[in-house]
Structures are given as C-alpha cells and as structure tokens.
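Some notes on the structure that comes next.
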Amino acid sequence: MIRASSHSNVGTLQRIQSALEAAQDVFSRYTPGAVAAEYKAGHDPVTAADKTLDAVLREHLLRDGEGWLSEESVDDFTRLSKNRVWVVDPLDGTREFVAGIPEFCVSVALVENGRAIAGGVCNPATNEIFLGSVESGVTYNGKPASASQRTSLDGALVLASRSEVSRGDWKPFENASFRIRATGSVAYKLALVSVGLADATFTLSPKHEWDVAAGAALVESGGGFVSTLENLPLRCNQESPLISGLLACGSLLPGQLWAQLSDHVAAASQRSDKFW
C-alpha cells in the first residue's frame, strides 16, 4: 500500500528513478555474457560497466551537503559527518552479468542518520524496477506492492545466494520445510522479497552496506522485516561498512525464521569473530 508522501520524499524518489533510468541507458551498451572483466583482490570481477555506472549514479544523485559510499569509489570518510548519505552498488551481481545470468542490478539507497530510508533497485536484464521509501511504501514497475503476508515457513520461498549454495553453505537447510531458490545479487534478492515475489532471504556471511542498504530500505518500505545477525536493525554509514550478515522476510515470519536459524547464526558468529 502506498502512503501519503512529503514533497522532499517525492523529490528523493524522483532522483533515484532518474538515476536508475540513466543506469539502464548505460547497460544498453553492453551484452551480458560478452563482457570483459578484471579481477579484484578476493577474485571478485569488475567491468567497465561498474566504473561507468558509478560515475553516472554520482552525477544524478549527489548534492551539496550529502555523503557518498560506493563499492566502486574510494571511501571518502567525510561521509561520516553527513546526515544524508547515498550508499550504492553500481552493479551488484557482476559475476552473473559476466556470465550472462539475468540476476544483476543497480542498487541505490539514501541513508539518513544511519537508517536506509529510501531505495531503488533496477534489474536491466528483466526490466524490473523496485522503488520505495519507508514514508511512502514500495512499488514494483510503478505499481504499489508489499512484502509477503505468509504466516508459515512451510512451503515458503527463500532466496539463497548462488555463490553460497555453490560452496555448500546452504546444505544444512536442504531438508527444511521451506523451498530454496539460488539467485544472484543480494540487492536483487532483497528487492524480490520487498514486493512479495519471495517470502524471505538471508545470508550468514559478511556483506557490505552497499550490498544491502537499498534492498533493506525496500523491504521495510514494503512492510517487511530486516535484521542483522545480531537481531538488531541495520545501521548504515558506519566507519567500517562491513556487516556480519542479514535476514529479511515478510512481517509475519521473523519468529519462525529465527527459530530455524538460531544455531546456524551462532556458528556463523563464531566464524565472524575470527574474520573480524
């Protein structure tokens, strides 16, 4: 359901929409699956599209007095003194983009006083745009939407990281009562949850703010639930943008999901302590 919206909120969403449309124009120059990639430390791919998109998003989004945090920009710590900060991933799911799998997206979030209050995610391969704010609600391709109202995890659709499934992280859940579908891009998975196209998603592996900020804003905008592995609200624009992991679902599922995950979260926290 879309709620009444202030003038400033409308302006923010228009800015995000404009940035996503400009990003779609950039993608029209590339053919997924036929893109050259370099590899960063940790074997993560980066393409010319990542860098071009970063510049285009900055041009359309950033205004005087606002901060900027992007996967493809050198971190400017003056953002820590700003009340409003853009947290973006110009191309989330670069592996899928390089492989030609249509599960990649542009991810844009506006963070205000540490909370992701508005977000936009665009999957140019499927022509999907998810846009919303905690003030006004979420839309899917321009139409009002909301997170899942499912009351039970039995038969629920839970989206899993394609790479996490490949390395065996989801084996403990193979006999769970919910259905698992491997899907690329953290931001895209969160966006799908935000509009009820999936019931939940979670990752027990560390992620960066730019991976999750927009999707988290969208899930909350759709009336869903978002939490870190510490069962705390997501806080963004931190000095270290790394978080331990994330859980997101429809508003009626958190208790059941936590019950399923509690032992696994404890184990992940022990691994995370070594990681930190």
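Only heavy atoms go into these numbers, but all of them, side chains included; no hydrogens, no water, no symmetry mates. Sequential numbering from 1 along the given sequence is applied to the chain's residues.
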Do His264 and Pro172 come within less than 4.5 Å of each other through their side chains, counting heavy atoms only? yes

Selection residues 180-192 - residue pairs positive for side-chain hydrogen bond (donor to acceptor under 3.5 Å, both in side chains), sequence neighbours left out: Asp92-Ser185, Glu128-Tyr188

Smallest separation among heavy atoms of Gly215 and Leu190, with atom names: CA-CB, 3.5 Å

If you take all heavy atoms of Gly119 and Ala217, which pair is closest and at what distance? N-CB, 4.0 Å

Pairs satisfying side-chain hydrogen bond (donor to acceptor under 3.5 Å, both in side chains), at least one member in residues 13-23, at least two apart: Arg15-Glu66, Gln17-Glu21

Straight-line distance of Ser251 OG to Phe225 CZ, nearest 0.5 Å: 10.5 Å

Are a donor atom and an acceptor atom from the side chains of Ser107 and Asp89 found within less than 3.5 Å of each other? no

Would a single hydrophobic cluster contain both Leu62 and Leu53, if residues Ile, Leu, Val, Met, Phe, Trp and Tyr are joined by side-chain heavy-atom contacts under 4.5 Å? yes

Give me the other members of the hydrophobic cluster that Val85 sits in, counting Ile, Leu, Val, Met, Phe, Trp and Tyr linked by side-chain heavy atoms under 4.5 Å, directly or via other members. Leu69, Val87, Val111, Trp210

Between Val98 and Val46, is there a shared hydrophobic cluster once you connect ILVMFWY residues whose side-chain heavy atoms come closer than 4.5 Å? no

Please list all pairs passing the ring pair (Phe, Tyr, Trp, His ring centres under 6.0 Å) test where one or both residues lie in residues 113-135, with sequence neighbours left out. Phe130-Tyr140

Rounded to the nearest 0.5 Å, how far apart are CG of Asn141 and OG1 of Thr126? 8.0 Å

Is a donor from one side chain sitting under 3.5 angstrom from an acceptor on the other, for Asp50 and Thr94? yes

Leu229 and Leu246, any side-chain heavy atoms less than 4.5 Å apart: no

Could you list the residues that satisfy side-chain hydrogen bond (donor to acceptor under 3.5 Å, both in side chains) with Ser161, not counting sequence neighbours? Ser163

Please round to the nearest 0.5 Å and tell me the distance separating atom CG of Asp54 and atom CG of Leu57. 7.0 Å

Search all heavy atoms of Cys105 against all heavy atoms of Pro124 and return the closest pair with its distance. CA-CD, 4.4 Å

Given side chains that start at C-beta, do those of Asp154 and Phe178 come closer than 4.5 Å, heavy atoms only? no

Between the side chains of Thr228 and Glu230, does any donor sit under 3.5 Å from an acceptor? yes

Residues two or more places apart in sequence or in another chain: which of them pass side-chain hydrogen bond (donor to acceptor under 3.5 Å, both in side chains) with Glu71? Lys40

Sorted by chain and residue number, the side-chain hydrogen bond (donor to acceptor under 3.5 Å, both in side chains) partners of Arg167 (sequence neighbours excluded) come out as Asp169, Ser205

Roughly how far, to the nearest 0.5 Å, is CG of Leu204 from OG of Ser244? 9.0 Å

d(Gln256 CD, Leu253 CG) to nearest 0.5 Å is 6.0 Å

Result for side chain to side chain contact (heavy atoms under 4.5 Å, CB included) between Ser194 and one of Leu131, Val219, Val226, Val121 points to Val219

Determine, step by step, whether Cys122 and Gln24 satisfy the side chain to side chain contact (heavy atoms under 4.5 Å, CB included) criterion, reporting the C-alpha distance in whole Å, the side-chain angles of both residues, the deciding distance to 0.1 Å, and the verdict. CA-CA 8 Å; Cys122 169; Gln24 285 180 300; 3.4 Å; yes

Sequence-distant partners of Trp170, ring-ring contact (aromatic ring centres under 6.0 Å, His included), two or more places apart: Phe173, Phe202

If I take atom OG from residue Ser227 and atom CG from residue Leu261, how far apart are they, to the nearest 0.5 angstrom? 10.5 Å

For Ile101, what are the other residues in its hydrophobic cluster, where any two members join if their side-chain heavy atoms are less than 4.5 angstrom apart? none

Selection residues 236-265 - residue pairs positive for salt bridge (Lys or Arg N to Asp or Glu O under 4.0 Å), sequence neighbours left out: none

For the residue pair Thr78 and Ser81, confirm or rule out a side-chain donor-acceptor distance under 3.5 Å. no

With Asn113 via side-chain hydrogen bond (donor to acceptor under 3.5 Å, both in side chains) - residues at least two apart: none

Looking at Asp25 and Arg29, is there a salt bridge between them, counting it only when a charged N and a carboxylate O are closer than 4.0 Å? no

Set of residues satisfying side chain to side chain contact (heavy atoms under 4.5 Å, CB included) with respect to Thr151, sequence neighbours excluded: Leu252

Would you mind checking if Glu164 and Lys171 are paired as a salt bridge, meaning a charged N to carboxylate O distance below 4.0 Å? no

I want to check something: taking the side chain as every heavy atom from C-beta on, are Phe27 and Thr52 in contact at a cut-off of under 4.5 Å? no

